[in-house]
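Report on the structure given below.
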Amino acid sequence: MATRAIFKKRRWDRDDATPSNSNSRAASQSRTPMRNDSDSDFEEDAEADFRNIQELLSQKLANLQHATDETFKETELNKEDRISARDRRQYNADSLNKARIQNTATINEIIGSLGHSRADVSSSSRELMLVQLYKLTVGKPLVVQNDETVATPNFVDEDKVQRVINLFVSGNYRTATEFLYLWRSLVALLASNIEDFSALVSTEFLDQVKTLISEPATSVVTNDNKANLITGFVTLTLVIHHGSSNFGVEDSVAWLFDLAEGYAASAYALKKKVESGERDHSTIFDKSEDKRLVNEAYGQVDSESAVAVAALHGVGCLLTLLSRGDFLNELVEDLMMKIVPLVDNDDIRDIARASARVVAVIYEVYSYPIPEEDEENDDEYNANAPYYEQGVLFAILERLANLPSKKVSKKEKKETHSVFRNILSTLQTYVDPKKREAVYKKTAQGVELINTMMDSTYIRLSKFKSLPINSWMLYTRLRNLKWCFSFGLHDQLVSNESIRDILSEPDNEYSAGYTVADEFEVDETLLGQKAYAEFVNDYMDSKHSVDEKKRSEKIKKQRQVKLEEQLDNLNIKD
């Protein structure tokens, strides 16, 4: 198994993106991530997202500069008395937009500028401002920003966030890019300080998000943007419900799966139709026109598949919020009957992979009954698992893991096969009581089994602390947090406890009896030197955390005793 790490984005200490001085590193050493030899896939995605944002900012600003210059040239060519009022207003508006964008440096200033009419702030300018808003929101945790700017005009309060919500709810967007970054900025603002902003996430707001997802796609709310809407909806649900009530989450699971089924069926049907040579248009079109229409059809297949994949990943993520027990068992057992056909389809690999990941999450969150001593483990059927005909499911995953792929790159082929092999290993481990117990206890055998179930990721928070992503449950949560915070996720995990807790390892029935002896049954040769060092660091961090908790409880008790003594001295009686 490849041991990977997620690292902090490029270190910029100044708002103008200039590198920090070398002597400024000592004060922030505890927040500096330690880079391993192999980079994480998530880090690559974050770097790509950061580059895309930078390119979009540069392009939009260049376009605005060009538009302003062109308007200026046109007005200069005319006599002063022949310049129309409309041309003058347009020139003034473009000049104002340019100055506003170049000078705006805070979240509140951008939100204030977005409140102006479109006569003053054009759609192109709004796109640029929203990209900047998202970059500022995720670039530095809002909890840190507010701590530094309390009682100043730059403090981001509920009123400012409510203004962004109003822009979204009122439909104040005209382009797909404007919609996308308005939505991403809004989700990032809410999630980055959910303790203060959770009351703003009303039922009416979430219902409108669902309506946008359910309605037919438009030129603004495209299928690709619907996929982003779904991921943002799931992220908000995850952040709000984590550690609190999970009321209504099962309804969202059912709704998302219905969406996934519908869009998957539509994508499958359209792909088959195009491949069979059927056409909705006249045959008198020439070859170039026919090729264009075919490419459009395949583009629609990809966009509909993206919606189905986002919905499936959302199902897997929301399942991790539900409490384990009979209710969850019954829910996932019914779900498995519907999701296996989506896995058993190699026409659209992305949908098959997403469905298989949901299956892996289901096998992790399922509550397995205690097996009888004389009970035998049937390789083909297992009544004590989410899916009874496990032999059939294993055969499907085995086939997908070895399916030839001539039309994809070697890297994509390797990743596809690796995913199905890891998921197959996960299922085989969890249906075996002895292996499952070893994984829960994290014995030497358990750690070795975990290595075969997925490519673990270590998110390094400091020199001696890291977050292990070693289960499909944590993996699916990480996907949503990565979409929300992009290149700023590492800083969020370091500074924002509510976000960091979302990626904490779940408890199981063996956690309470976990001993130090069990910890150090792990052999360094099984993990490798670096992974073993991670393991020891995690144990020491856990030990210090427990010691800190005991110390806090001791102080609390001492204060209580002191207070009682003072009350006795005052002769206060009940």
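Remember, predicted model here, so these are calculated numbers, not experimental data.
- Between Asn193 and Val161, every side-chain heavy-atom pair lies at or beyond the 4.5 Å cut-off.
- In terms of modelled atom types and a separation under 3.5 Å, the side chain of Ser214 and the main chain of Thr211 share no donor-acceptor contact.
- A side-chain donor-acceptor contact under 3.5 Å links Trp472 and Thr426.
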Apply side-chain contact (heavy atoms from CB on, under 4.5 Å) to residues Leu328 and Tyr366 and explain how you reach the verdict. CA-CA 7 Å; Leu328 180 58; Tyr366 190 79; over 6 Å; no
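- Classification of the Phe205-Trp183 ring pair by plane angle, with boundaries at 30° and 60°, yields tilted.
- Put simply, the side chain of Thr320 gets close to the backbone of Cys317: a donor and an acceptor are under 3.5 Å apart.
- Not counting sequence neighbours, the partners of Gln492 by the side-chain hydrogen bond (donor to acceptor under 3.5 Å, both in side chains) test are Asn496.
- Closest approach of Thr106 to Leu136, counting heavy atoms only: C-CD1, 4.0 Å.
- Between the side chains of Thr476 and Arg357, no donor-acceptor pair of N or O atoms lies under 3.5 Å.
- Between Glu127 and Arg174 there is no salt bridge, since no side-chain N of the basic residue sits under 4.0 Å from a carboxylate O of the acidic one.
- Judged by distance alone, with hydrogens and angles left aside, the side-chain atoms of Lys226 form a donor-acceptor pair with the main-chain N or O of Ile213 at under 3.5 Å.
- Minimum interatomic distance between Ile110 and Gln132 (heavy atoms only, all atoms of both residues): CD1-CB, 3.8 Å.
- Between Phe485 and Ala188 the shortest heavy-atom distance is CE2-O, 4.1 Å.
- Remark: side-chain polar atoms of Ser192 are paired, donor with acceptor, to backbone N or O of Leu189 under 3.5 angstrom.
- Without hydrogens or angle criteria, Asn108 side chain to Phe155 main chain gives a donor-acceptor distance under 3.5 Å.
- A donor-acceptor distance shorter than 3.5 angstrom exists from the side chain of Arg477 to the backbone of Ile502, with no hydrogens or angles considered.
- Using a 4.5 Å heavy-atom threshold, the side chains of Asn154 and Gln145 count as separate.
- Among all heavy-atom pairs drawn from Cys484 and Thr235, the shortest one is CB-CG2, 3.8 Å.
- Between the side chain of Asp491 and the backbone N or O of Val494 there is no donor-acceptor pair closer than 3.5 Å.
- A heavy-atom distance below 4.5 Å is not found between the side chains of Val138 and Leu489.
- For Ser122 and Ser125, the side-chain atoms include at least one donor-acceptor pair closer than 3.5 Å.
- Aromatic pair Trp255/Phe233: ring centres closer than 6.0 Å.
- Between Glu505 and Ser471 there is no side-chain heavy-atom pair separated by less than 4.5 Å.
- In this pair, Tyr173 and Phe179 present their aromatic rings perpendicular. The plane angle is above 60°, beyond the 30 to 60° band.
- You'll find the side chain of Thr177 stays beyond 4.5 Å of the side chain of Leu130, heavy atoms only.
- Listed here is the closest heavy atom pair of Ser495 and Arg500: N-NH1, 4.3 Å.
- The list of side-chain hydrogen bond (donor to acceptor under 3.5 Å, both in side chains) pairs with a residue in residues 238-252, not counting sequence neighbours, reads Asn246-Ser323.
- The pair Lys210-Asp207 does not meet the salt-bridge criterion, since no charged nitrogen lies less than 4.0 angstrom from a carboxylate oxygen.
- Inter-residue side-chain proximity for Val358 and Val361 is flagged as unmet; no heavy-atom pair is nearer than 4.5 Å.
- Side-chain N or O atoms of Lys482 include one that pairs as donor or acceptor with a backbone N or O of Ser486 at under 3.5 Å.
- Residues Leu186 and Ile165 form a side-chain contact, since some pair of their non-hydrogen atoms from C-beta on lies under 4.5 Å apart.
- You'll find the side chain of Lys135 stays beyond 4.5 Å of the side chain of Val131, heavy atoms only.
- For the 3.5 Å distance criterion, the side chains of Trp483 and Asn228 qualify, holding a donor opposite an acceptor.
- Under a 3.5 Å cut-off, the side chain of Thr222 and the backbone N or O of Asn225 do form a donor-acceptor pair.
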